[in-house]
Amino acid sequence: MSKQYPGIAADARALAAYVKLLRAGEGVLRESSLLLALYNLTAGEFGLLESLYQSGPRDPAGLDGGILGICGNLSALVEGLCKRGLVRRNARGRRARSATVALTPKGRNLVRSVLPGRGAAIVSVMGRLSAREQEMLGRLCRKLGAPPAASFPQANPPSAQPR
C-alpha cells in the first residue's frame with residue numbers, strides 16, 4: 001500500500017499512474033520546448049501561432065479549442081502576440097469580439113523558422129520509446145481522452161457535506 005494514499009490498492013495504483021502521466025507529460029513538454037525559449041515563446045504561444053499558420057485567420061472563439069499547450073487566458077495570449085507584432089486582430093464590424101486573429105508576415109516567418117526544429121525536438125524526445133511503444137502510448141492516450149462511459153462520483157465540497 002502506498003504511504004501517500006491510504007486507500008485501497010486499486011485507488012493507490014490509479015493515482016500513482018495519474019501522477020506518473022502528469023510528470024511524464026510535463027517532462028516531454030519541457031524538453032520539447034527548449035527551442036521555443038530561444039525565440040522567447042511559450043508552448044501556448046507557439047501552439048496559437050502554429051494553429052493560425054495551419055488553418056489561417058480565425059475568430060477568437062474558434063481558437064480556444066484544440067490548441068495544444070494553451071493554459072490561461074487566451075485573450076492575454078493573443079494580446080501579447082499582437083504587441084510583439086506576430087499576430088493582428090482584423091475587426092469585422094464595430095465590435096472587438098467579432099475580430100479575427102491572423103498571423104502577420106513576421107509571425108509567419110517565425111513559425112517557418114521554428115517548426116522544423118520543434119518537430120525534430122519532439123521526435124527526439126519520443127524516440128526514447130520504440131515504434132511499438134509509441135503506438136501503444138497513442139492508443140492508451142486516446143482511451144484516456146475518450147468521453148467517460150459512466151458518470152464520475154460527485155465530490156461534495158466541505159460546505160455541502162452533512163454535519
Side-chain angles (χ1 to χ4, degrees), residues 4-5 13-148 152 155:
Q4 291 88 1
Y5 185 77
R13 184 177 52 249
L15 291 169
Y18 174 77
V19 169
K20 289 173 188 170
L21 177 64
L22 289 181
R23 286 187 178 151
E26 289 170 354
V28 169
L29 181 61
R30 185 175 43 256
E31 281 189 59
S32 64
S33 296
L34 292 174
L35 175 69
L36 299 180
L38 298 175
Y39 291 90
N40 195 28
L41 290 170
T42 66
E45 289 170 331
F46 187 71
L48 177 59
L49 293 171
E50 184 181 14
S51 177
L52 292 170
Y53 181 77
Q54 299 294 341
S55 66
R58 296 178 44 196
D59 62 86
L63 291 171
D64 208 8
I67 298 178
L68 299 176
I70 285 194
C71 51
N73 187 336
L74 182 63
S75 298
L77 199 63
V78 170
E79 186 60 33
L81 293 171
C82 281
K83 287 180 182 175
R84 293 173 58 187
L86 300 173
V87 300
R88 68 176 179 275
R89 287 190 181 103
N90 299 320
R92 293 185 318 212
R94 294 184 200 177
R95 299 179 60 194
R97 286 186 169 191
S98 65
T100 59
V101 179
L103 283 177
T104 63
K106 180 180 175 182
R108 186 173 313 288
N109 289 336
L110 179 64
V111 173
R112 285 183 183 146
S113 297
V114 175
L115 208 48
R118 170 85 166 152
I122 293 169
V123 168
S124 175
V125 171
M126 296 307 292
R128 294 179 191 153
L129 302 176
S130 68
R132 186 173 178 186
E133 289 170 327
Q134 289 177 27
E135 290 170 7
M136 183 187 308
L137 178 62
R139 285 191 302 274
L140 292 171
C141 289
R142 275 191 302 280
K143 188 173 183 178
L144 285 175
F152 291 103

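All of these numbers come straight from a predicted model, not from anything done at the bench.
Remark: R23 engages V19 in a side chain to side chain contact (heavy atoms under 4.5 Å, CB included) (not counting sequence neighbours). In this view, S55 and R58 satisfy the side-chain hydrogen bond (donor to acceptor under 3.5 Å, both in side chains) rule, not counting sequence neighbours. Taking the side-chain hydrogen bond (donor to acceptor under 3.5 Å, both in side chains) definition, one finds that E135 meets it with nothing, sequence neighbours left out.
Between the side chain of E133 and the backbone N or O of S130 there is at least one donor-acceptor pair closer than 3.5 Å. Within the 3.5 Å criterion, the main-chain N or O of L35 finds no donor-acceptor partner in the side chain of R118. For S33 (side chain) and A43 (main-chain N/O), no donor-acceptor pair under 3.5 Å exists by modelled atom type. A donor-acceptor pair is defined here as one N or O able to donate and one able to accept, closer than 3.5 Å; such a pair exists between the side chain of S32 and the backbone of L29.
Taking CZ of R112 as the start and CG of L103 as the end, the distance is 9.5 Å to the nearest 0.5 Å. The OH atom of Y53 sits 9.0 Å away from atom CG of N109, with the distance rounded to the nearest 0.5 Å. From T104, atom OG1 reaches atom CZ of R108 across 8.5 Å, with rounding to the nearest 0.5 Å. The distance from the CD atom of E50 to the CG atom of L41 is 11.5 Å, given to the nearest 0.5 Å. The CZ atom of R88 sits 13.5 Å away from the CG atom of L81 when rounded to the nearest 0.5 Å.
The side-chain contact (heavy atoms from CB on, under 4.5 Å) test with L52 is passed by exactly one of V111, V87, T100: V87.
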Begin with the C-alpha distance, continue with both residues' side-chain angles, and end with the deciding distance and a verdict on side chain to side chain contact (heavy atoms under 4.5 Å, CB included) for V114 and L49. CA-CA 11 Å; V114 175; L49 293 171; over 6 Å; no
Does the salt bridge (charged side-chain N to carboxylate O under 4.0 Å, His left out) test come out yes or no for E45 and R84, once each step is laid out? CA-CA 11 Å; E45 289 170 331; R84 293 173 58 187; 3.7 Å; yes
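Inter-residue side-chain proximity for L36 and T42 is flagged as unmet; no heavy-atom pair is nearer than 4.5 Å. With contacts defined as side-chain heavy-atom distances shorter than 4.5 Å, the pair D59/V101 does not qualify. Looking at heavy atoms from C-beta onward, E79 lies in side-chain contact with R89 at the 4.5 angstrom threshold. Using a 4.5 Å heavy-atom cutoff, the side chains of S113 and Y39 are in contact. In this structure, the side chains of V125 and R30 stay at 4.5 Å or more apart for every pair of heavy atoms. K143 has its side chain out of reach of R139: every pair of non-hydrogen atoms, C-beta onward, lies at least 4.5 Å apart.
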